[in-house]
Amino acid sequence: MMEKKPTLYLIDASSYMYRAFYALGRRLTAPDGTPTQAVFGFHQMLQKVLREKQPEMLCVVYDPPAPTFRHALYPQYKATRDRMPEDLVVQVPLIKTMVDLMGIPSLEVPGYEADDVMATLVRQATEKGYAVVIVSGDKDLHQLVNEPLVLQWDPQKDELYTAEEVVKRLGVRPHQVRDLLALMGDSTDNVPGVPGVGEKTARELLRLFGSLDEVLRRVHEIPSASVRKKMESAQEAALLSRQLVSLREDAPVNFVVAECRRRPADVAGLRALYERLGLRRFLADLAKNLPSQTAAEMAAPPARRDVIVRNEPAFRRVLEEMRQASVLSIDLETTSQDAMLADIVGVALSWRDHEAVYIPIGHETRDSESQLPLAVVLEGLRPLLEAETPKKVGQNIKYEWVILKRHGIELHGIDFDTMVASYLLDPGNPSHRLERIVAEHLGEAKATYGDVAGVGAKQVPFAHVPVTKAAAYACSDAETTLRLVPILRKKLEQAGLSPLMDTLERPLIAVLARMEMRGVRVDTEKLEALSRILEEGLRREEQTIYAIAGGPFNIQSPVQLRDILFGKLQLPVIKKTKTGPSTDMSVLEELAAHHPIAQHIVAYRSLAKLKNTYVDTLPLLVHPHTGRIHTSYNQTVTATGRLSSSEPNLQNIPVRTEEGRRIREAFVADPGYGLLAADYSQIELRIFAHYSGDSRLLAAFEAGDDVHRRTAAEIFNVSPQDVTAEMRRQAKTVNFGIIYGMGPYGLAKQLKISQSQAKEMIERYFARYQGVKRWIERVIAQAHKRGYAETLLGRRRFIPELQSRNRSMRQLGERLAVNTTIQGSAADIIKKAMIDIDQEMQGCGCRSAMILQVHDELVFEVAEEEAGWMRAMVKERMESVVTLRIPLVVDMGYGKNWAEAHS
DNA sequence: CAGGGCATATTT
DNA sequence: GACAAATATGCCCTGA
């Protein structure tokens, strides 16, 4: 039997260099300032090819320097192209070096463009019976597609161009592509084509005649007189164009199988290159995608000395060593991701690079015969953990803080959190998992939790992981965290983020931990009663809807609902989603005018939402021991610097509707306590006023006016006392819209007015608040220049969208720059207030506690006898946390439950 | 049957 | 496509 021949992958280098260069903008540079975004993008593309295709044979083909034979043919060839940007020029040799070091063959033939070289290799390889995949997104190369032997693939878009796909894209078969390009021309390469003939005409001509030669031979048969005339006068141009776009198959190269085989990578060379370019994370990529043994070794962590502590003498020795340490990395292994429910299974500690210890405690496996009791371990560690030194570091150390506190140990001396540091360095990054941080900043591959305990259905409790396996994992966590600290600290320093870390985010860790632990009391009986009421309402709406629809269906299924509304009832389609007509709230509101069913669906949805998401779910989250609800405050999630809350999310508890307020009534204070709610009044608009220095906006806040009323008076040109409720409502929407960068379209939709009216309203706003307009322009310009937006306390969010070549993406980037500055500064302010207030409360040993944060609001559970003091202290701290050009104002409310406190 | 994508809903 | 930041739920399809 004949062995199957490997497929040859030909990689079109230029197109990916350009694409990577422009796609990533100017964000990536090496420590020495060398731009690296093209190297980065090229690497990503190569990794994808290697990972997904594991090619045995491949070759990267470069374009040679101009001129090529085409310039001899037509001096203006590619004359309209800008010169390669200098920032890209310097990256080309880096990319070539990288390709060489990776052991990937490459070619560059003077006088012949990469396309011609590839065409030649395609011919030679297919003649020998090899299949070829052309790795490129370029449409010129479609002419080489020749199934089944020759295919084109674009790994970045993940599109495979078969002959059929080419027809779909261009409307002609692959062999007709060059004739199509010859007729229509190609503006990027300055190929003239036939003047007046575009893509449509060219395609039609080829459909009628099959080829350019036929078109020219039977030019008198062309049905349209004008096209006929154009063709007659441009025969020369058409033939020249065809020469230009035709790929030559006679480049002076020889396809030699052995020369296209992948060679082993030069590990040391790559390491040096990546180190120099500040792309250490690539080392970890390599380990995954290069089968080469050396590459895997290279990216594996340096050998680490793990000690498993199984008896008391060993534990005492370890404690003695730790007492001498200045920094201690700590990682608890437990039975749950939820710190309030987790039981300790083991403790990993590291205080010297490449060394760590694991103390198994609660493993239930065959190799767990000798484990120290939890109490012994905790009592042994207590003095170290409660002291300021050694300094404690960790990855999400709030988790350890809460668990230790539950065991009566208060962790002191928290010095660094790698998760928080990674977040501050790049808050837009969706992952701050340890393995990703290690890959990026240490260039090492690391086992994940899933690798050790399994994922999904196959996941086992950590206690069932064998001690040796658990130890390796836990030690690697603690030890890599320790080594990350100085590296991340330095990067924070270089970015000017150290003060934000030291004075805001790090002190906040313990504050959030205390809030989570205290939790909030929920009146489950009240919720159960509410559940029954909602149940009844749901049943009633359901019956009504079935009656109108003429039969039962699943109202909660968008698909079935779509069939009923737009099929059976023939209601007009207002807007569409990706999958079909939309049935969301705004659509149903409009449909209410056409058909009574719409309002019932709105009512049903609203009841179902409240019941399923809040009323029936909150009681399930009551902690079995504390009887309270303990949310998680996530410090490293949002791109703007806000906190988020989950399990449950207490930041989106309903407030607008009557039923919603009933839910807030179920959030109650303990007996002897009350709830104090304190919220910043108009904080985002105040920040706007502060930053912009706009005289009218500043005056409104200084006078203590109702800003929305003032805005209404300004944009409707009436005196404040003549502002109607409707005018105020519209002005309020405009004010919020400005913060979010809303355009005429969005405002029109929101206010249900015409787009021209909305446009006029925005224009009037900016005419009255010219300082605001100028500031927005300034912020956008600065973000363009720096590549990031910056908040009041120096938080940075990178905005790659600003470098997009897509206009709407760029505009999104500009809105992000404005909104992040405002929203992020508000987040900075309230975080600082939380720290100040917490410090005040810790200092006086009071019984009251901060329990909730909802972006511009803090909620406290206040001991009745402390209520007066708390009220004054909280207001004072919140209002004086920073000094802006206008005062910060805090509104307060007090009551037995959250609804009452909110007024 | 788990997991992911989508549509929808809630908050600031 | 058009207005920023989040989390949660139910449906429905995909793939083991």
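Residue numbering restarts at 1 for every chain, and letters A, B, ... go by the order of the sequence lines.
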Contacts of [X] that satisfy ring-ring contact (aromatic ring centres under 6.0 Å, His included) - sequence neighbours left out:
{"X": "A/H594", "value": "none"}
{"X": "A/Y604", "value": "none"}
{"X": "A/Y423", "value": "A/H432"}

Categorize [X] for me: base, sugar-phosphate, or nothing, with a 4.0 angstrom heavy-atom threshold over every strand shown.
{"X": "A/I653", "value": "sugar-phosphate"}
{"X": "A/R797", "value": "sugar-phosphate"}
{"X": "A/L812", "value": "sugar-phosphate"}
{"X": "A/G743", "value": "sugar-phosphate"}
{"X": "A/Y614", "value": "sugar-phosphate"}
{"X": "A/Q823", "value": "base"}

Per the under-4.0 Å heavy-atom filter, residues of residues 637-649 of chain A near DNA chain C come out as A/V637, A/T638, A/A639, A/T640, A/R642, A/S644, A/S645, A/S646, A/E647, A/N649

How many Å lie between [atom1] on [X] and [atom2] on [N], as a whole number?
{"X": "A/N735", "N": "B/dT12", "atom1": "CG", "atom2": "P", "answer": "17 Å"}
{"X": "A/R795", "N": "C/dA5", "atom1": "CZ", "atom2": "P", "answer": "15 Å"}
{"X": "A/I830", "N": "C/dA5", "atom1": "CD1", "atom2": "P", "answer": "19 Å"}
{"X": "A/L747", "N": "C/dA4", "atom1": "CG", "atom2": "P", "answer": "14 Å"}
{"X": "A/I739", "N": "C/dA6", "atom1": "CD1", "atom2": "P", "answer": "17 Å"}
{"X": "A/R807", "N": "C/dA2", "atom1": "CZ", "atom2": "P", "answer": "12 Å"}
{"X": "A/I555", "N": "C/dT9", "atom1": "CD1", "atom2": "C1'", "answer": "16 Å"}
{"X": "A/Q853", "N": "B/dT11", "atom1": "CD", "atom2": "C1'", "answer": "12 Å"}

Tell me whether the side-chain N/O atoms of [X] come closer than 4.0 Å to OP1 or OP2 in [N].
{"X": "A/N819", "N": "C/dA5", "value": "no"}
{"X": "A/R656", "N": "B/dT11", "value": "yes"}
{"X": "A/R605", "N": "C/dG10", "value": "no"}

Return a table of donor-acceptor pairs under 3.5 angstrom between the side chains of residues 771-788 of chain A and protein atoms on other chains or two or more places apart.
residue	atom	partner	partner atom	Å
A/H784	NE2	A/E814	OE2	3.2
A/Y788	OH	A/R796	NH2	3.3

Heavy atoms from C-beta onward define the side chain here; which of C/dT9, B/dT11, C/dA2 lies closest to that of A/Y745?
C/dA2

Ranking C/dA4, C/dC11, B/dT10 by distance to the side chain of A/R815, first place goes to C/dA4

Before you tell me yes or no, could you show the steps for A/M850 and A/V511 under side-chain contact (heavy atoms from CB on, under 4.5 Å), namely the whole-Å CA-CA distance, both residues' side-chain angles and the distance that decides it to 0.1 Å?
CA-CA 9 Å; A/M850 184 161 30; A/V511 178; 3.7 Å; yes

Could I get the full list of side chain to side chain contact (heavy atoms under 4.5 Å, CB included) partners for [X], not counting sequence neighbours?
{"X": "A/S557", "result": "A/N554, A/V559, A/Q560"}
{"X": "A/D563", "result": "none"}
{"X": "A/I574", "result": "A/V587, A/E590, A/L591"}

Quick one: does A/E801's side chain get under 4.5 Å of A/R815's, heavy atoms only?
no

What pairs of residues pass the ring-ring contact (aromatic ring centres under 6.0 Å, His included) test when at least one of them lies in residues 732-766 of chain A, not counting sequence neighbours?
A/Y765-A/Y769

Between the side chains of A/D451 and A/T448, is a donor N or O closer than 3.5 angstrom to an acceptor N or O?
yes

Are side-chain N/O atoms of A/N634 and A/S646 paired as donor and acceptor at under 3.5 Å?
yes

All N/O contacts under 3.5 Å from nucleotides 4-7 of chain B to the protein, with atom names and distances to one decimal?
residue	atom	partner	partner atom	Å
B/dA7	OP1	A/T577	OG1	3.0
B/dA7	OP1	A/K578	N	3.1
B/dA7	OP1	A/T579	N	3.2
B/dA7	OP1	A/T579	OG1	3.1

Measure all distances between protein nitrogen or oxygen atoms and nitrogen or oxygen atoms of nucleotides 13-16 of chain C, and list the pairs falling under 3.5 Å.
none

Between A/L816 and A/Q811, the residue closer to the 5' end of DNA chain C by nearest nucleotide is A/Q811

Nearest heavy atom decides the nucleotide; on that basis, is A/S557 or A/H855 closer to the 5' end of DNA chain C?
A/H855

Scan residues 530-541 of chain A for pairs that pass side chain to side chain donor-acceptor pair (under 3.5 Å), counting only residues two or more places apart or in two chains.
A/S531-A/D616, A/E535-A/K611, A/E541-A/H600

